[in-house]
Amino acid sequence: MFPVSLPTNSFLVAALSLTLTRLSCSFLSVPEIPHIATYFGTKTRYEDVNPHLLRDGLSVNTSVLKPPPTERCSPVHLTAVVRHGSRYPTVKNIRRIQKLSELVRREASRGSEGSEGWLREVRSRWDMWYTEDMDGQLVSKGRDDLRQLARRLAVLFPSLLSDQNRRSGRIRFLTSSKHRCVSSVEAFQEGLQQHWGHHGETVDGTEEVEYRHEVDDELMRFFERCRGYVEGVEKNRSALMEVDAFKRGEEMEGVRRRMAERLDLPQHRLTPDLVEAAFFLCSYELSIKSLHSPWCFLFDESDAKVLEYKSDLKQYWKRSHGHAINGLSSCPLFHHVFRTLDKAGRPRRSTEASPEPASILVGHAETLLPLLSLLGLYKDPDPPTANNYQSQQGRTFRTSRIVPYAANLLFVLYDCQRGPRLQLLLNESPVRFPGLEKEDAPLYRDVRATYRHLLDGCNFHRECERGPGGRGPNTEL
Ligand SMILES: *[C@@H]1O[C@H](CO)[C@@H](O)[C@H](O)[C@H]1NC(C)=O
Ligand SMILES: *[C@@H]1O[C@H](CO)[C@@H](O)[C@H](O)[C@H]1NC(C)=O
(Lines give C-alpha, C1' and ligand atoms only; values in the text may rest on other atoms or scores of the structure.)
(Ligands and ions follow the chains in the order given, each with its own letter.)
Protein backbone atom coordinates (compact mmCIF):
# COMPACT_ATOMS: atom_id res chain seq x y z
CA MET A 1 0.00 0.00 0.00
CA PHE A 2 2.85 2.40 0.64
CA PRO A 3 4.49 4.35 -2.10
CA VAL A 4 7.83 2.80 -2.67
CA SER A 5 10.03 5.23 -4.43
CA LEU A 6 9.21 8.20 -6.57
CA PRO A 7 11.21 10.40 -8.87
CA THR A 8 12.24 13.58 -7.18
CA ASN A 9 12.31 16.10 -9.92
CA SER A 10 9.03 15.85 -11.79
CA PHE A 11 5.84 17.67 -11.14
CA LEU A 12 3.93 15.82 -8.54
CA VAL A 13 1.00 14.90 -10.71
CA ALA A 14 3.22 13.58 -13.45
CA ALA A 15 5.35 11.76 -10.93
CA LEU A 16 2.45 10.12 -9.22
CA SER A 17 0.61 9.12 -12.33
CA LEU A 18 3.67 7.27 -13.49
CA THR A 19 2.61 3.71 -13.16
CA LEU A 20 4.76 2.12 -10.53
CA THR A 21 4.84 -1.07 -12.55
CA ARG A 22 7.15 0.68 -14.97
CA LEU A 23 9.76 1.05 -12.29
CA SER A 24 12.23 -1.77 -12.28
CA CYS A 25 13.15 -3.66 -9.16
CA SER A 26 16.66 -2.33 -9.15
CA PHE A 27 15.29 1.18 -9.28
CA LEU A 28 13.02 0.45 -6.35
CA SER A 29 15.91 -0.79 -4.28
CA VAL A 30 17.61 2.61 -4.45
CA PRO A 31 15.27 4.93 -2.57
CA GLU A 32 15.48 8.46 -3.76
CA ILE A 33 15.67 11.29 -1.33
CA PRO A 34 13.16 14.12 -1.20
CA HIS A 35 14.66 17.44 -2.27
CA ILE A 36 13.69 18.87 1.12
CA ALA A 37 15.39 16.21 3.28
CA THR A 38 18.05 18.55 4.68
CA TYR A 39 15.48 20.92 6.22
CA PHE A 40 13.72 18.66 8.71
CA GLY A 41 15.24 20.24 11.83
CA THR A 42 15.43 17.74 14.68
CA LYS A 43 13.69 15.21 12.41
CA THR A 44 16.57 15.18 9.94
CA ARG A 45 18.37 11.93 9.26
CA TYR A 46 22.02 11.75 10.24
CA GLU A 47 22.85 10.73 6.65
CA ASP A 48 21.43 13.96 5.31
CA VAL A 49 24.03 15.79 7.40
CA ASN A 50 26.79 13.37 6.36
CA PRO A 51 25.74 12.24 2.87
CA HIS A 52 28.81 10.03 2.34
CA LEU A 53 27.14 7.64 4.80
CA LEU A 54 24.36 7.02 2.27
CA ARG A 55 26.89 5.14 0.17
CA ASP A 56 28.58 3.41 3.07
CA GLY A 57 27.26 3.72 6.60
CA LEU A 58 30.56 2.51 8.01
CA SER A 59 32.91 4.85 6.19
CA VAL A 60 35.17 6.83 8.48
CA ASN A 61 37.27 9.90 7.81
CA THR A 62 40.16 9.56 10.23
CA SER A 63 41.57 12.98 9.33
CA VAL A 64 38.84 14.62 11.45
CA LEU A 65 41.10 13.96 14.44
CA LYS A 66 43.43 16.94 14.51
CA PRO A 67 45.95 17.10 17.30
CA PRO A 68 48.85 19.36 16.22
CA PRO A 69 51.00 17.54 13.66
CA THR A 70 54.13 18.93 15.29
CA GLU A 71 53.50 17.17 18.60
CA ARG A 72 53.24 13.50 19.34
CA CYS A 73 49.72 12.91 20.72
CA SER A 74 47.55 9.94 21.51
CA PRO A 75 43.87 9.95 22.49
CA VAL A 76 43.39 9.01 26.16
CA HIS A 77 39.71 9.63 26.68
CA LEU A 78 36.46 10.07 24.75
CA THR A 79 33.24 11.50 26.16
CA ALA A 80 30.38 11.26 23.67
CA VAL A 81 27.03 12.95 24.29
CA VAL A 82 24.72 11.23 21.84
CA ARG A 83 21.12 11.75 20.81
CA HIS A 84 18.88 8.71 20.33
CA GLY A 85 18.36 7.45 16.76
CA SER A 86 15.37 7.74 14.43
CA ARG A 87 12.07 7.28 16.19
CA TYR A 88 8.34 7.14 15.68
CA PRO A 89 6.34 10.34 16.06
CA THR A 90 5.08 11.10 19.55
CA VAL A 91 1.36 10.89 20.31
CA LYS A 92 0.86 14.62 19.75
CA ASN A 93 2.14 14.40 16.19
CA ILE A 94 0.41 11.08 15.49
CA ARG A 95 -2.89 12.81 16.31
CA ARG A 96 -2.07 15.68 13.97
CA ILE A 97 -1.15 13.26 11.22
CA GLN A 98 -4.45 11.46 11.83
CA LYS A 99 -6.38 14.73 11.44
CA LEU A 100 -4.52 15.62 8.28
CA SER A 101 -5.09 12.21 6.80
CA GLU A 102 -8.83 12.38 7.57
CA LEU A 103 -9.12 15.83 6.04
CA VAL A 104 -7.37 14.74 2.89
CA ARG A 105 -9.40 11.55 2.60
CA ARG A 106 -12.69 13.38 3.06
CA GLU A 107 -11.79 15.89 0.40
CA ALA A 108 -10.42 13.23 -1.87
CA SER A 109 -13.66 11.30 -1.81
CA ARG A 110 -15.45 14.44 -2.98
CA GLY A 111 -12.96 15.04 -5.76
CA SER A 112 -14.43 15.20 -9.25
CA GLU A 113 -14.61 11.93 -11.15
CA GLY A 114 -11.64 11.26 -13.33
CA SER A 115 -9.49 13.92 -11.74
CA GLU A 116 -5.90 12.82 -11.64
CA GLY A 117 -4.89 15.02 -8.77
CA TRP A 118 -2.56 14.42 -5.92
CA LEU A 119 -5.43 13.68 -3.54
CA ARG A 120 -6.48 10.65 -5.47
CA GLU A 121 -2.95 9.37 -5.53
CA VAL A 122 -2.46 9.72 -1.82
CA ARG A 123 -5.78 8.07 -1.27
CA SER A 124 -4.90 5.05 -3.32
CA ARG A 125 -1.25 4.76 -2.36
CA TRP A 126 -0.96 5.88 1.23
CA ASP A 127 -2.50 4.46 4.38
CA MET A 128 -2.52 6.01 7.81
CA TRP A 129 -0.33 3.43 9.50
CA TYR A 130 0.82 5.30 12.62
CA THR A 131 -0.80 4.25 15.90
CA GLU A 132 -0.61 5.97 19.25
CA ASP A 133 1.24 3.11 20.94
CA MET A 134 4.28 3.92 18.76
CA ASP A 135 4.69 7.07 20.83
CA GLY A 136 8.27 8.19 20.24
CA GLN A 137 9.84 4.72 20.36
CA LEU A 138 13.07 3.98 18.56
CA VAL A 139 12.49 2.43 15.12
CA SER A 140 14.70 -0.26 13.64
CA LYS A 141 16.47 2.35 11.49
CA GLY A 142 17.19 4.13 14.78
CA ARG A 143 18.94 1.02 16.12
CA ASP A 144 21.02 0.97 12.96
CA ASP A 145 21.90 4.64 13.47
CA LEU A 146 23.46 3.85 16.85
CA ARG A 147 25.07 0.55 15.85
CA GLN A 148 26.77 2.20 12.92
CA LEU A 149 27.83 5.23 14.93
CA ALA A 150 29.44 2.88 17.47
CA ARG A 151 31.25 1.02 14.73
CA ARG A 152 32.59 4.22 13.18
CA LEU A 153 33.73 5.53 16.56
CA ALA A 154 35.48 2.23 17.22
CA VAL A 155 37.42 2.77 13.99
CA LEU A 156 38.27 6.35 15.01
CA PHE A 157 39.25 5.41 18.56
CA PRO A 158 40.43 1.79 18.48
CA SER A 159 42.46 2.09 21.68
CA LEU A 160 39.62 3.69 23.67
CA LEU A 161 36.61 1.70 22.44
CA SER A 162 38.74 -1.44 22.35
CA ASP A 163 37.40 -4.95 22.80
CA GLN A 164 39.39 -5.27 26.01
CA ASN A 165 37.84 -2.09 27.42
CA ARG A 166 34.40 -3.19 26.32
CA ARG A 167 34.67 -6.66 27.83
CA SER A 168 36.11 -5.47 31.10
CA GLY A 169 33.31 -2.92 31.52
CA ARG A 170 35.66 0.05 31.57
CA ILE A 171 33.58 2.00 29.08
CA ARG A 172 30.88 3.89 30.87
CA PHE A 173 27.33 4.02 29.50
CA LEU A 174 24.76 6.43 30.87
CA THR A 175 21.31 7.03 29.45
CA SER A 176 18.09 8.97 29.88
CA SER A 177 15.27 6.76 31.14
CA LYS A 178 13.20 7.24 27.97
CA HIS A 179 12.62 4.05 26.07
CA ARG A 180 14.16 5.39 22.84
CA CYS A 181 17.37 6.31 24.69
CA VAL A 182 17.68 2.98 26.50
CA SER A 183 17.18 1.19 23.17
CA SER A 184 19.81 3.48 21.66
CA VAL A 185 22.45 2.79 24.31
CA GLU A 186 21.82 -0.93 23.83
CA ALA A 187 22.21 -0.59 20.07
CA PHE A 188 25.49 1.29 20.60
CA GLN A 189 26.79 -1.62 22.68
CA GLU A 190 25.66 -4.07 19.99
CA GLY A 191 27.58 -2.01 17.44
CA LEU A 192 30.78 -2.28 19.47
CA GLN A 193 30.28 -5.99 19.81
CA GLN A 194 29.71 -6.36 16.07
CA HIS A 195 32.83 -4.33 15.41
CA TRP A 196 35.04 -6.46 17.60
CA GLY A 197 33.42 -9.82 17.34
CA HIS A 198 30.61 -10.83 15.13
CA HIS A 199 31.02 -9.08 11.82
CA GLY A 200 28.20 -9.12 9.34
CA GLU A 201 24.60 -9.92 10.04
CA THR A 202 24.09 -10.37 13.75
CA VAL A 203 20.55 -9.22 14.21
CA ASP A 204 20.02 -12.39 16.18
CA GLY A 205 23.33 -12.13 17.96
CA THR A 206 21.86 -9.33 20.03
CA GLU A 207 20.99 -11.81 22.77
CA GLU A 208 24.66 -12.34 23.39
CA VAL A 209 25.29 -8.72 24.25
CA GLU A 210 25.53 -8.13 27.92
CA TYR A 211 24.21 -4.61 28.28
CA ARG A 212 25.73 -2.46 30.97
CA HIS A 213 24.32 0.96 31.41
CA GLU A 214 23.03 3.22 34.11
CA VAL A 215 19.95 5.39 33.85
CA ASP A 216 20.61 8.95 34.96
CA ASP A 217 17.92 11.55 34.36
CA GLU A 218 19.62 14.12 36.54
CA LEU A 219 22.35 14.28 33.93
CA MET A 220 20.47 13.48 30.75
CA ARG A 221 17.07 15.11 31.47
CA PHE A 222 18.25 18.03 33.60
CA PHE A 223 15.77 20.32 31.83
CA GLU A 224 12.71 18.88 33.52
CA ARG A 225 14.28 19.26 36.98
CA CYS A 226 15.19 22.92 36.66
CA ARG A 227 12.29 24.90 38.10
CA GLY A 228 13.52 28.24 36.75
CA TYR A 229 13.58 26.72 33.29
CA VAL A 230 10.25 24.90 33.51
CA GLU A 231 8.41 27.94 34.85
CA GLY A 232 10.36 30.68 33.11
CA VAL A 233 10.47 29.12 29.65
CA GLU A 234 8.75 25.81 29.12
CA LYS A 235 5.41 26.79 30.63
CA ASN A 236 5.71 30.46 29.77
CA ARG A 237 4.03 31.41 26.52
CA SER A 238 5.68 34.79 26.34
CA ALA A 239 9.13 33.17 26.39
CA LEU A 240 8.26 31.75 22.96
CA MET A 241 6.46 34.74 21.51
CA GLU A 242 8.77 34.94 18.48
CA VAL A 243 7.70 31.44 17.50
CA ASP A 244 4.01 32.27 17.83
CA ALA A 245 4.43 35.47 15.86
CA PHE A 246 6.29 33.69 13.05
CA LYS A 247 3.58 31.02 12.90
CA ARG A 248 1.07 33.75 12.08
CA GLY A 249 3.46 35.75 9.89
CA GLU A 250 3.57 36.21 6.14
CA GLU A 251 6.16 33.51 5.41
CA MET A 252 4.13 30.78 7.11
CA GLU A 253 0.93 32.09 5.55
CA GLY A 254 2.58 31.76 2.16
CA VAL A 255 3.46 28.11 2.78
CA ARG A 256 -0.07 27.45 3.92
CA ARG A 257 -1.59 29.14 0.88
CA ARG A 258 0.59 27.18 -1.52
CA MET A 259 -0.15 23.90 0.22
CA ALA A 260 -3.89 24.63 0.13
CA GLU A 261 -3.63 25.34 -3.60
CA ARG A 262 -1.76 22.13 -4.24
CA LEU A 263 -4.40 20.25 -2.30
CA ASP A 264 -7.23 22.21 -3.88
CA LEU A 265 -8.59 23.00 -0.42
CA PRO A 266 -9.90 26.26 0.98
CA GLN A 267 -7.05 27.77 2.98
CA HIS A 268 -9.01 28.02 6.22
CA ARG A 269 -9.35 24.22 6.34
CA LEU A 270 -5.59 23.92 6.73
CA THR A 271 -4.33 25.05 10.13
CA PRO A 272 -0.62 25.80 10.63
CA ASP A 273 -0.42 22.60 12.71
CA LEU A 274 -1.72 20.56 9.78
CA VAL A 275 0.79 22.18 7.44
CA GLU A 276 3.52 21.13 9.82
CA ALA A 277 2.01 17.64 10.14
CA ALA A 278 2.37 17.13 6.38
CA PHE A 279 6.00 18.27 6.50
CA PHE A 280 6.72 15.94 9.42
CA LEU A 281 4.95 13.12 7.60
CA CYS A 282 7.39 13.53 4.72
CA SER A 283 10.26 13.41 7.23
CA TYR A 284 8.94 10.38 9.12
CA GLU A 285 8.33 8.31 6.01
CA LEU A 286 11.92 8.99 5.01
CA SER A 287 13.58 8.45 8.39
CA ILE A 288 11.53 5.40 9.35
CA LYS A 289 11.01 3.63 6.04
CA SER A 290 13.43 5.30 3.63
CA LEU A 291 10.43 6.25 1.50
CA HIS A 292 10.01 9.25 -0.68
CA SER A 293 6.43 9.88 0.38
CA PRO A 294 3.85 11.64 -1.83
CA TRP A 295 3.40 14.10 1.03
CA CYS A 296 6.78 15.59 0.19
CA PHE A 297 5.43 16.93 -3.08
CA LEU A 298 3.32 19.44 -1.17
CA PHE A 299 6.43 21.52 -0.45
CA ASP A 300 9.09 23.14 -2.54
CA GLU A 301 12.50 24.06 -1.24
CA SER A 302 11.55 27.58 -0.20
CA ASP A 303 8.57 26.22 1.76
CA ALA A 304 10.90 23.79 3.50
CA LYS A 305 13.28 26.60 4.46
CA VAL A 306 10.43 28.50 6.08
CA LEU A 307 9.32 25.43 8.03
CA GLU A 308 12.90 24.75 9.06
CA TYR A 309 13.19 28.32 10.31
CA LYS A 310 10.01 27.87 12.32
CA SER A 311 11.47 24.88 14.10
CA ASP A 312 14.87 26.59 14.56
CA LEU A 313 13.10 29.55 16.16
CA LYS A 314 11.40 27.21 18.58
CA GLN A 315 14.61 25.42 19.50
CA TYR A 316 16.52 28.67 19.81
CA TRP A 317 14.09 30.23 22.27
CA LYS A 318 13.09 27.05 24.06
CA ARG A 319 16.42 25.17 24.29
CA SER A 320 19.27 27.43 23.31
CA HIS A 321 20.63 30.98 23.40
CA GLY A 322 17.19 32.61 23.52
CA HIS A 323 17.18 32.50 27.33
CA ALA A 324 20.27 32.06 29.49
CA ILE A 325 18.51 29.57 31.77
CA ASN A 326 18.17 27.15 28.83
CA GLY A 327 21.94 26.66 28.76
CA LEU A 328 22.43 26.99 32.51
CA SER A 329 20.01 24.16 33.16
CA SER A 330 22.69 21.86 31.68
CA CYS A 331 25.25 22.76 34.37
CA PRO A 332 25.14 19.26 35.94
CA LEU A 333 26.07 17.69 32.61
CA PHE A 334 28.72 20.34 31.94
CA HIS A 335 30.37 19.66 35.31
CA HIS A 336 30.10 15.91 34.83
CA VAL A 337 31.92 16.11 31.50
CA PHE A 338 34.70 18.33 32.83
CA ARG A 339 35.17 16.25 36.00
CA THR A 340 35.59 13.20 33.79
CA LEU A 341 38.10 15.03 31.58
CA ASP A 342 39.99 16.34 34.62
CA LYS A 343 40.41 12.82 35.93
CA ALA A 344 41.42 11.43 32.57
CA GLY A 345 44.01 14.15 32.00
CA ARG A 346 45.63 14.07 35.42
CA PRO A 347 49.27 12.92 35.50
CA ARG A 348 49.57 9.44 36.97
CA ARG A 349 52.24 7.25 38.45
CA SER A 350 52.83 4.15 36.41
CA THR A 351 51.41 2.05 39.26
CA GLU A 352 48.06 3.80 39.18
CA ALA A 353 45.17 2.40 37.17
CA SER A 354 44.72 4.03 33.77
CA PRO A 355 41.76 6.41 33.53
CA GLU A 356 38.33 5.62 32.16
CA PRO A 357 38.85 5.34 28.40
CA ALA A 358 35.39 6.38 27.26
CA SER A 359 32.06 7.57 28.49
CA ILE A 360 28.95 7.32 26.30
CA LEU A 361 26.02 9.48 27.42
CA VAL A 362 22.74 9.01 25.58
CA GLY A 363 19.97 11.59 25.68
CA HIS A 364 17.88 13.92 23.58
CA ALA A 365 18.11 16.95 21.30
CA GLU A 366 16.94 18.76 24.46
CA THR A 367 20.06 17.46 26.20
CA LEU A 368 22.50 18.51 23.49
CA LEU A 369 21.18 21.96 22.58
CA PRO A 370 21.48 23.49 26.06
CA LEU A 371 24.98 22.06 26.49
CA LEU A 372 26.11 23.38 23.10
CA SER A 373 24.66 26.77 24.05
CA LEU A 374 26.39 26.79 27.40
CA LEU A 375 29.66 26.10 25.58
CA GLY A 376 28.94 29.18 23.45
CA LEU A 377 28.53 27.34 20.15
CA TYR A 378 26.27 28.33 17.23
CA LYS A 379 25.60 31.77 18.56
CA ASP A 380 25.02 34.12 15.63
CA PRO A 381 25.47 37.90 15.91
CA ASP A 382 21.71 38.49 15.88
CA PRO A 383 19.07 36.28 17.43
CA PRO A 384 16.51 34.81 15.03
CA THR A 385 13.11 36.47 15.43
CA ALA A 386 9.72 36.49 13.75
CA ASN A 387 10.75 39.47 11.62
CA ASN A 388 14.24 38.71 10.38
CA TYR A 389 13.72 35.53 8.37
CA GLN A 390 15.52 36.97 5.34
CA SER A 391 18.61 38.18 7.18
CA GLN A 392 18.94 34.83 9.00
CA GLN A 393 19.53 32.80 5.84
CA GLY A 394 23.24 32.44 6.63
CA ARG A 395 22.78 31.59 10.31
CA THR A 396 24.91 28.89 11.92
CA PHE A 397 22.06 27.90 14.25
CA ARG A 398 20.46 25.28 12.01
CA THR A 399 19.03 22.39 13.97
CA SER A 400 18.95 20.27 10.81
CA ARG A 401 22.76 20.32 10.89
CA ILE A 402 23.26 20.36 14.64
CA VAL A 403 20.78 17.88 16.13
CA PRO A 404 19.63 15.32 13.57
CA TYR A 405 18.80 11.84 14.86
CA ALA A 406 21.90 10.22 16.42
CA ALA A 407 23.58 13.64 16.71
CA ASN A 408 26.76 13.42 18.75
CA LEU A 409 29.10 15.79 20.50
CA LEU A 410 32.53 14.26 21.09
CA PHE A 411 35.09 15.52 23.60
CA VAL A 412 38.42 13.95 22.68
CA LEU A 413 41.24 14.28 25.18
CA TYR A 414 44.77 13.68 23.88
CA ASP A 415 47.95 13.17 25.76
CA CYS A 416 50.49 15.38 23.98
CA GLN A 417 54.08 16.44 24.54
CA ARG A 418 53.06 19.84 25.88
CA GLY A 419 50.30 18.42 28.05
CA PRO A 420 46.72 17.29 27.52
CA ARG A 421 44.74 18.75 24.64
CA LEU A 422 41.01 18.71 23.94
CA GLN A 423 39.18 18.55 20.63
CA LEU A 424 35.45 18.86 19.99
CA LEU A 425 33.59 17.18 17.17
CA LEU A 426 29.94 17.58 16.34
CA ASN A 427 28.42 14.87 14.19
CA GLU A 428 31.93 13.66 13.38
CA SER A 429 33.20 17.02 12.10
CA PRO A 430 35.71 19.18 13.97
CA VAL A 431 34.31 22.20 15.81
CA ARG A 432 36.48 24.87 17.44
CA PHE A 433 35.97 26.27 20.92
CA PRO A 434 34.64 29.84 20.92
CA GLY A 435 37.54 32.09 21.89
CA LEU A 436 40.13 29.45 20.94
CA GLU A 437 39.51 29.42 17.20
CA LYS A 438 43.17 29.23 16.21
CA GLU A 439 43.49 25.52 16.99
CA ASP A 440 41.43 22.39 16.53
CA ALA A 441 42.80 20.85 19.70
CA PRO A 442 43.94 23.56 22.13
CA LEU A 443 45.70 22.74 25.37
CA TYR A 444 43.20 21.48 27.92
CA ARG A 445 44.33 24.10 30.41
CA ASP A 446 43.41 26.83 27.88
CA VAL A 447 39.97 25.31 27.44
CA ARG A 448 39.55 25.30 31.20
CA ALA A 449 40.62 28.94 31.37
CA THR A 450 38.01 29.83 28.73
CA TYR A 451 35.26 28.20 30.76
CA ARG A 452 36.62 29.27 34.13
CA HIS A 453 33.46 31.27 34.97
CA LEU A 454 31.36 28.14 34.43
CA LEU A 455 33.76 25.72 36.08
CA ASP A 456 33.77 27.89 39.20
CA GLY A 457 30.06 28.66 39.03
CA CYS A 458 27.21 27.23 37.05
CA ASN A 459 25.52 25.99 40.17
CA PHE A 460 22.38 24.11 39.17
CA HIS A 461 20.45 24.86 42.35
CA ARG A 462 21.35 28.51 42.40
CA GLU A 463 20.52 29.00 38.71
CA CYS A 464 17.41 26.87 38.71
CA GLU A 465 15.85 28.08 41.95
CA ARG A 466 16.41 31.76 41.29
CA GLY A 467 13.13 33.61 41.86
CA PRO A 468 11.62 36.16 39.46
CA GLY A 469 13.30 38.91 41.52
CA GLY A 470 16.79 37.61 40.78
CA ARG A 471 18.51 37.25 37.46
CA GLY A 472 15.66 36.30 35.16
CA PRO A 473 15.80 33.80 32.36
CA ASN A 474 16.29 36.62 29.86
CA THR A 475 19.71 37.65 31.10
CA GLU A 476 22.40 36.79 28.63
CA LEU A 477 25.50 35.06 29.90
C1 LIG B 1 37.87 14.44 6.07
O2 LIG B 1 37.90 15.38 7.12
C3 LIG B 1 38.70 16.52 6.87
C4 LIG B 1 38.75 17.31 8.14
O5 LIG B 1 37.47 17.68 8.57
C6 LIG B 1 38.12 17.29 5.71
O7 LIG B 1 38.90 18.42 5.41
C8 LIG B 1 38.04 16.38 4.49
O9 LIG B 1 37.38 17.05 3.44
C10 LIG B 1 37.29 15.10 4.82
N11 LIG B 1 37.41 14.18 3.71
C12 LIG B 1 36.36 13.60 3.16
C13 LIG B 1 36.66 12.66 2.04
O14 LIG B 1 35.23 13.80 3.53
C1 LIG C 1 8.08 34.67 30.93
O2 LIG C 1 8.86 35.14 29.85
C3 LIG C 1 8.97 36.53 29.76
C4 LIG C 1 9.68 36.85 28.46
O5 LIG C 1 10.88 36.14 28.36
C6 LIG C 1 9.68 37.07 30.99
O7 LIG C 1 9.78 38.47 30.92
C8 LIG C 1 8.91 36.64 32.23
O9 LIG C 1 9.63 37.03 33.39
C10 LIG C 1 8.71 35.13 32.24
N11 LIG C 1 7.82 34.74 33.35
C12 LIG C 1 8.22 33.99 34.35
C13 LIG C 1 7.19 33.59 35.33
O14 LIG C 1 9.38 33.63 34.49
Side-chain angles (χ1 to χ4, degrees), residues 38 46-70 73 75 78 80 148-149 151-153 155-157 223-247 313-329 369-370 373 377-378 382-387 396 401-402 404 407-412 414 421-433 436-442 460-477:
T38 56
Y46 194 74
E47 294 88 339
D48 292 307
V49 176
N50 285 315
H52 62 276
L53 298 177
L54 286 167
R55 288 185 298 276
D56 176 5
L58 296 178
S59 72
V60 176
N61 178 358
T62 49
S63 45
V64 297
L65 298 184
K66 294 177 167 233
T70 51
C73 298
L78 167 71
Q148 296 193 348
L149 174 66
R151 296 178 69 166
R152 291 193 305 272
L153 294 184
V155 172
L156 267 182
F157 304 104
F223 42 89
E224 62 189 9
R225 290 160 190 242
C226 179
R227 200 163 60 92
Y229 168 73
V230 171
E231 286 171 15
V233 178
E234 190 156 50
K235 291 187 183 165
N236 179 357
R237 278 223 77 92
S238 51
L240 300 183
M241 62 190 176
E242 297 296 337
V243 186
D244 291 334
F246 189 74
K247 249 175 148 168
L313 263 186
K314 178 172 159 204
Q315 299 300 332
Y316 183 90
W317 293 97
K318 195 170 176 184
R319 305 288 175 183
S320 181
H321 301 294
H323 303 287
I325 190 68
N326 299 351
L328 290 169
S329 66
L369 283 172
S373 311
L377 294 161
Y378 306 104
D382 297 309
T385 66
N387 303 319
T396 65
R401 316 281 313 167
I402 302 172
N408 51 90
L409 176 66
L410 309 181
F411 297 80
V412 185
Y414 302 92
R421 290 180 175 273
L422 186 65
Q423 187 189 349
L424 271 188
L425 296 103
L426 185 75
N427 303 330
E428 298 166 76
S429 293
V431 173
R432 293 186 179 185
F433 289 97
L436 295 170
E437 281 94 353
K438 281 210 287 277
E439 286 179 291
D440 284 296
F460 182 76
H461 293 287
R462 205 165 56 226
E463 304 299 347
C464 291
E465 297 300 324
R466 223 183 267 280
R471 190 168 60 156
N474 259 334
T475 319
E476 288 288 325
L477 262 187

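The model shown is predicted, which means the values in this text are computed figures rather than measured ones. Positions are given from 1 along the sequence. Counting convention: from 1, in listed order, for ligands and their atoms alike.
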Quick look: M241 vs ligand 2, heavy-atom contacts under 4.0 Å, and the answer is neither
Original post:
Does the pair L65 and L425 meet the rule for a side chain to side chain contact (heavy atoms under 4.5 Å, CB included), with working shown?
Top reply: CA-CA 9 Å; L65 298 184; L425 296 103; 4.2 Å; yes
4.0 Å protein heavy-atom contact status of atom 9 (O) of ligand 1, strictly under: no
So does T385 get a backbone contact from the side chain of W317, meaning a donor-acceptor N/O pair under 3.5 Å?
no
Nearest non-hydrogen protein atom to atom 5 (O) of ligand 1, with distance, is P430 CD, 3.6 Å
Honestly, for S429 the part within reach of ligand 1 (heavy atoms, under 4.0 Å) is neither
- Apply the test side chain to side chain contact (heavy atoms under 4.5 Å, CB included) to residues K318 and V243: give CA-CA distance (whole Å), side-chain angles for both, the deciding distance (0.1 Å), then the verdict. CA-CA 10 Å; K318 195 170 176 184; V243 186; over 6 Å; no
Residues R227, E234: salt bridge by 4.0 Å N-O rule
no
query = Quick one: does Q148's side chain have a donor or acceptor within less than 3.5 Å of a partner on L58's backbone?
reply = no
| said: I'd like to know whether Y229 forms a side chain to side chain contact (heavy atoms under 4.5 Å, CB included) with R319, so could you lay out the CA-CA distance, the side-chain angles of the two residues, the decisive distance to 0.1 Å, and finally the verdict. | reply: CA-CA 10 Å; Y229 168 73; R319 305 288 175 183; 3.0 Å; yes
Per-atom filter on ligand 1: closer than 4.0 angstrom to a heavy atom of V64 are 2 (O), 5 (O)
Contact between ligand 2 and R237 is defined here as a heavy atom of the residue under 4.0 Å from a ligand atom; is it met?
no
Output yes when a protein non-hydrogen atom is found under 4.0 Å of atom 14 (O) of ligand 1, and no otherwise. yes
Near H323 (heavy-atom distance under 4.0 Å), the atoms of ligand 2 are 5 (O)
Atom 12 (C) of ligand 1 has as its nearest protein heavy atom N61 ND2, 3.4 Å
One finds that the ligand 1 atoms under 4.0 Å from a non-hydrogen atom of S63 are 1 (C), 2 (O), 3 (C), 4 (C)
A student checking ligand 2 against N236 at a 4.0 Å heavy-atom cut-off should list atoms 1 (C), 2 (O), 3 (C), 8 (C), 10 (C), 11 (N), 12 (C), 14 (O)
Within the 4.0 Å heavy-atom cut-off, what K66 brings close to ligand 1 is side chain
A student comparing S238, G322, G228 should find that the heavy atom closest to atom 3 (C) of ligand 2 comes from S238
query = Does N427 reach the main-chain N or O of I402 with its side chain, forming a donor-acceptor pair under 3.5 Å?
reply = yes
* Expected output: side-chain E463 to main-chain A324 donor-acceptor under 3.5 Å -> no
| said: Is there a side chain to side chain contact (heavy atoms under 4.5 Å, CB included) between L424 and R432? Walk through the geometry before answering. | reply: CA-CA 7 Å; L424 271 188; R432 293 186 179 185; over 6 Å; no
